[in-house]
Amino acid sequence: MSETPTSVRGMNDLLPPDSAKWQHLERTCRDLFTRYGYALVRPPVVEHTELFVRGVGEGSDIVGKEMYTFADRSDRSLTLRPELTAGLARAYIEHAMAAKEAVTRWWSLGPVFRYEAINTGRYRQFYQIDCEVYGVAEPTLDAEVIAMLLALYGELGVAPLTMLVNNVGRGEDRSRYRAALVEFLTPHAAGLCADCQRRLVTNPLRVLDCKVEADRRVVAAAPSVLDHLGPEARAHFDTVLATLDELGAPVVVEPRLVRGLDYYTGTVFELTTTAGNLGSQSTIVAGGRYDEMIGDLGGPATPAIGFGIGVERTVLCMPGDPATFVAPVGVFIAARGEAARRRATALAHALRAAGIVVEVEHRDVGMKAQFRRADKLGARYSLALGEAELATGAAKLKEMATRAEHDVTLAELVATVTRLLAA
RNA sequence: GUGGAUGUAGCUCAAUCGGUAGAGCACCAGGUUGUGGUCCUGGGUGUCGUGGGUUCGACUCCCAUCAUCCACCCCA
């Protein structure tokens, strides 16, 4: 390897124009979530390792083998967050939110870290956008959250979409189903893949999610979670589905849908798409209820629901060339000579104060090069300043696409440009 | 973790059978133009990913290694 520095494997630089497409996603999320009453929270990137072990679950692959864990100088065990939900739950508890308000709606975004093999739409530092609601147990909220996601992706223009939903049960329902599943699978154990033979003991629900063909055939005949829900959970799930129907939100009930994280209870969902050539990484959002996590972490028993959006994957399946998301330059100011450049700088300053996107050529290069750059930047208008313009205070404002020119006085430039750009 | 492909200029890529490398893009200048986008002309950079091996001679063949991409697995 050469001497020049390189980024860490699986951790990439986000550069223009791709960053503009990300900004569009983030803006769309912010605006939509704000309408639903979510407020932004930014927890730290690093937490005590213990939080993730307890919050995400010891049995999960994430905690088992994917965390970036290290000892700091005081020998505390810290971990780069592998997801956002646990840190947000910690903040909810630490700031005693339950005592301050009955319902808390938070959203957050930022990098998360998992030590995994790299692949399309899969990185070691990647970005998630989360929404979490604390304090509501009722099923209409589940439907609202799911429908909001469908609205978000509709607004982003992602298609086709499939929203899978399931209810993995909790408490006694979960234990009963787990027992029934183990009872069903044990006779077939010899025919299952090595991973599933292990899962049969550690986390039998995960067997349902196995992609191995032989295992899938076995699982196809397995008992369904939905048949093992008690009346309360069954009624909850039915209301979720009925509400989604009333909202006109299309979903597919998938009894074999299981999430990889241990904390989910009851409703779980997963948004997938075939857009964007994501291959097997077609899950772009995943979430569900985690009604026991806040209590398990030592907080007041508080029902909760949330989801995580995979930002890279979402951007990959969003339509549109990234360049089209870059803010277009309103005016490009070309200048010849230092006196003209000083004036150009001042004019640009004034135009920008008026909200116009302006690029000034500060380099001492020829007019040809300046206009080529104006063209390349896609500027709506260009203004050329030289000694003559400085002397007269008048200049020509050129519309690049049509090459038509408007006579302008520099004194009225801001007003003129504002009017032209608004037209 | 398993399997496959690819590493050559800042970027995208070429280089026949082994004879120490070229093009386009991008960038700048000149010509044309109104000091002005197109067009024309000119301008230069490579430890050929890295380390070994074979050979008179390696970008080319062999081995190793690293990186990137893709599939599987898992996940968002």
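Hydrogens, waters and symmetry mates play no part in the numbers below; they use all other heavy atoms, side chains included. Quick note on labels: first sequence line is chain A, next is B, and so on, each numbered from 1.
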Strictly below 4.0 Å, N to O, side chains only: are Arg342(A) and Glu338(A) in salt-bridge contact? yes

Is there a donor N/O on one and an acceptor N/O on the other, under 3.5 Å, for the side chain of Glu405(A) and the base of G34(B)? yes

Side-chain N,O (Asn119(A)) to OP1/OP2 (C73(B)) below 4.0 Å: no

Mark yes or no for a side-chain to base donor-acceptor pair under 3.5 Å between Arg122(A) and C74(B), with no hydrogen or angle criteria applied. yes

What's Glu270(A) touching, base or sugar-phosphate or nothing? Going by heavy atoms closer than 4.0 Å. nothing

Glu399(A) CD to G37(B) C1', in whole Å, measures 14 Å

Out of C69(B), A76(B), G36(B), whichever nucleotide has its closest atom nearest the side chain of Ile118(A): C69(B)

Across every strand shown, the nucleotide meeting Watson-Crick or G-U wobble geometry with C39(B) (both distances under 3.5 Å) is G31(B)

Side-chain ion pair, Glu359(A) and Arg373(A), N-O less than 4.0 Å: yes

Applying the Watson-Crick and G-U wobble criteria at under 3.5 Å, what pairs with C48(B)? Answer none if nothing qualifies. none

OP1, OP2 of A71(B) versus side-chain N and O of Thr120(A): anything below 4.0 Å? yes

Determine which nucleotide pairs with A23(B), using a 3.5 Å limit on both distances of a Watson-Crick or G-U wobble pair. U12(B)

Any side-chain N or O of Arg403(A) below 4.0 angstrom from OP1/OP2 of G37(B)? no

Is the base of G36(B) stacked against the aromatic ring of Phe371(A), taking ring centres under 5.5 Å apart and planes under 30° as the test? yes

Could you say whether Glu361(A) or Arg124(A) is positioned toward the 5' end of RNA chain B, judged by the nucleotide with the nearest heavy atom to each? Glu361(A)

Of the listed nucleotides (G37(B), A29(B), A76(B)), which one gets closest to any side-chain atom of Asp375(A)? G37(B)

For the pair Glu144(A) and Arg105(A), find out whether any cationic side-chain nitrogen is under 4.0 Å from an anionic carboxylate oxygen. yes

Hey, is the side chain of Arg373(A) pairing donor to acceptor with the base of C27(B) inside 3.5 Å? no

Closer to the 5' end of RNA chain B via nearest nucleotide, is it Gly10(A) or Ala286(A)? Gly10(A)

Judged by atom type as modelled, is there a donor-acceptor pair below 3.5 Å linking the side chain of Arg289(A) to the main-chain atoms of Pro303(A)? no

Rounded to whole angstroms, how far apart are CD on Glu389(A) and P on G36(B)? 12 Å

Check: Glu116(A) main-chain N/O paired with Arg124(A) side-chain donor or acceptor under 3.5 Å: yes

For G30(B), does OP1 or OP2 lie under 4.0 Å from any side-chain N or O of Lys368(A)? no

Side chain Arg114(A) and base C74(B) donor-acceptor under 3.5 Å: no

Base partner of G7(B), which must satisfy Watson-Crick or wobble distances under 3.5 Å: C66(B)

